[in-house]
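The block underneath contains the structure these notes are about, expressed in structure tokens.
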Amino acid sequence: DLAFLQDAYELWNSGDIETLAERCFDDDIEYQNAPEWPGQRVYRGSSDVARFLREEVAEIIGLEAVRIGSMDVFGDEVVIALHAQTHGFESGIDFGEVPVFHVARVRDGKVTRVRVYLDESEAFEAARMGAG
């Protein structure tokens, strides 16, 4: 599963969100952005998640390449510590590299759930509790 997740982030880095969704997302994937995200909500389904990633994450906050810092497994939850390069799409402000934590659940070779955290301790707690 860890190699599979590394490949998924390489697809993100290449900008190929459609292939990322097709190869890596379960049809019924559930994706919840960080609690700090404006209008925080849960996205359901591969096409809805891909649209969110393309239209909001890639375009609005200008998330570019991500670098995996570490991956830690807790049962069927994986905490992926990322270093994400961001800049404001409209403002052009470069925010530099920011830490982001994904808690992902992988089953049968597909990502079935992702929860995003900006706080490392919250991500690890969610993974340990299985509530990731």
Side-chain angles (χ1 to χ4, degrees):
D1 286 347
L2 298 182
F4 163 77
L5 290 171
Q6 289 174 331
D7 292 344
Y9 287 103
E10 287 303 317
L11 285 169
W12 169 266
N13 286 342
S14 74
D16 194 351
I17 295 172
E18 301 312 317
T19 302
L20 170 66
E22 183 179 298
R23 286 187 193 167
C24 303
F25 294 170
D26 184 81
D27 289 341
D28 297 320
I29 186 173
E30 185 177 282
Y31 183 101
Q32 184 170 355
N33 48 22
E36 298 85 357
W37 187 273
Q40 198 270 339
R41 65 175 273 216
V42 176
Y43 297 85
R44 289 182 173 82
S46 182
S47 62
D48 197 29
V49 171
R51 184 174 29 265
F52 166 73
L53 293 175
R54 183 178 48 257
E55 295 174 3
E56 292 190 44
V57 176
E59 293 180 11
I60 293 177
I61 67 166
L63 183 63
E64 297 174 347
V66 296
R67 182 172 48 86
I68 298 172
S70 64
M71 287 195 257
D72 295 281
V73 179
F74 296 88
D76 61 354
E77 304 278 358
V78 181
V79 178
I80 305 118
L82 300 168
H83 303 279
Q85 187 70 34
T86 61
H87 69 274
F89 178 74
E90 292 183 15
S91 69
I93 296 172
D94 185 2
F95 296 103
E97 197 173 80
V98 297
V100 177
F101 303 90
H102 287 175
V103 179
R105 178 174 286 165
V106 179
R107 289 199 178 129
D108 301 322
K110 297 278 187 169
V111 178
T112 62
R113 184 171 76 174
V114 175
R115 299 288 187 267
V116 182
Y117 296 90
L118 301 181
D119 180 273
E120 182 178 27
S121 62
E122 289 178 10
F124 277 94
E125 182 63 22
R128 283 186 197 100
M129 300 297 291

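Any value given below was found using the heavy atoms of this structure, including those in side chains, with hydrogens, waters and symmetry copies removed. Remember, it's a predicted structure, so these values are computed and weren't measured experimentally.
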Leu2 and its side chain to side chain contact (heavy atoms under 4.5 Å, CB included) partner, picked from Val78, Ile68, Val106: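 Only match with Leu2 under side chain to side chain contact (heavy atoms under 4.5 Å, CB included): Val78.
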Distance check, rounded to the nearest 0.5 Å: [X] atom [atom1] versus [Y] atom [atom2]?
{"X": "Glu10", "Y": "Leu20", "atom1": "CD", "atom2": "CG", "value": "11.5 Å"}
{"X": "Leu11", "Y": "Gln6", "atom1": "CG", "atom2": "CD", "value": "12.5 Å"}
{"X": "Asn33", "Y": "Tyr43", "atom1": "CG", "atom2": "OH", "value": "5.0 Å"}
{"X": "Asp26", "Y": "Arg113", "atom1": "CG", "atom2": "CZ", "value": "12.5 Å"}
{"X": "Glu125", "Y": "Glu120", "atom1": "CD", "atom2": "CD", "value": "13.0 Å"}
{"X": "Glu22", "Y": "Ser47", "atom1": "CD", "atom2": "OG", "value": "12.5 Å"}

Cationic N near anionic O, under 4.0 Å, Arg23 to Asp16: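 Salt bridge: no.
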Asp76 and Arg107 ion-paired at < 4.0 Å: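 The answer is yes: the pair qualifies as a salt bridge.
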Whether Asp28 side chain and Thr112 backbone form a donor-acceptor pair below 3.5 Å: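 Looks like no, no N/O pair under 3.5 Å.
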Partner of Glu30 by salt bridge (charged side-chain N to carboxylate O under 4.0 Å, His left out), out of Arg44, Arg105, Arg41: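 With Glu30 as partner, Arg44, Arg105, Arg41 yield a single salt bridge (charged side-chain N to carboxylate O under 4.0 Å, His left out), made by Arg44.
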Least distance between heavy atoms, [X] atom then [Y] atom:
{"X": "Ile17", "Y": "Ala50", "result": "CG2-O, 3.8 Å"}
{"X": "Val111", "Y": "Val114", "result": "CG1-CG2, 3.5 Å"}
{"X": "Val116", "Y": "Pro35", "result": "O-CD, 3.8 Å"}
{"X": "Ala127", "Y": "Val79", "result": "CB-CG2, 3.4 Å"}

Full working for side-chain contact (heavy atoms from CB on, under 4.5 Å) between Phe101 and Asp119: CA-CA 7 Å; Phe101 303 90; Asp119 180 273; over 6 Å; no
Common cluster, Val49/Val42, ILVMFWY with side-chain heavy-atom separation under 4.5 Å: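 Per the 4.5 Å side-chain linkage, Val49 and Val42 are not co-clustered.
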Arg128 NZ/CZ over Phe124 ring centroid, <6.0 Å and within 45° of normal: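 No.
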Sole candidate of Trp12, Tyr9, Tyr117 that passes ring pair (Phe, Tyr, Trp, His ring centres under 6.0 Å) when paired with His102: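 For His102, the ring pair (Phe, Tyr, Trp, His ring centres under 6.0 Å) check succeeds only for Tyr9.
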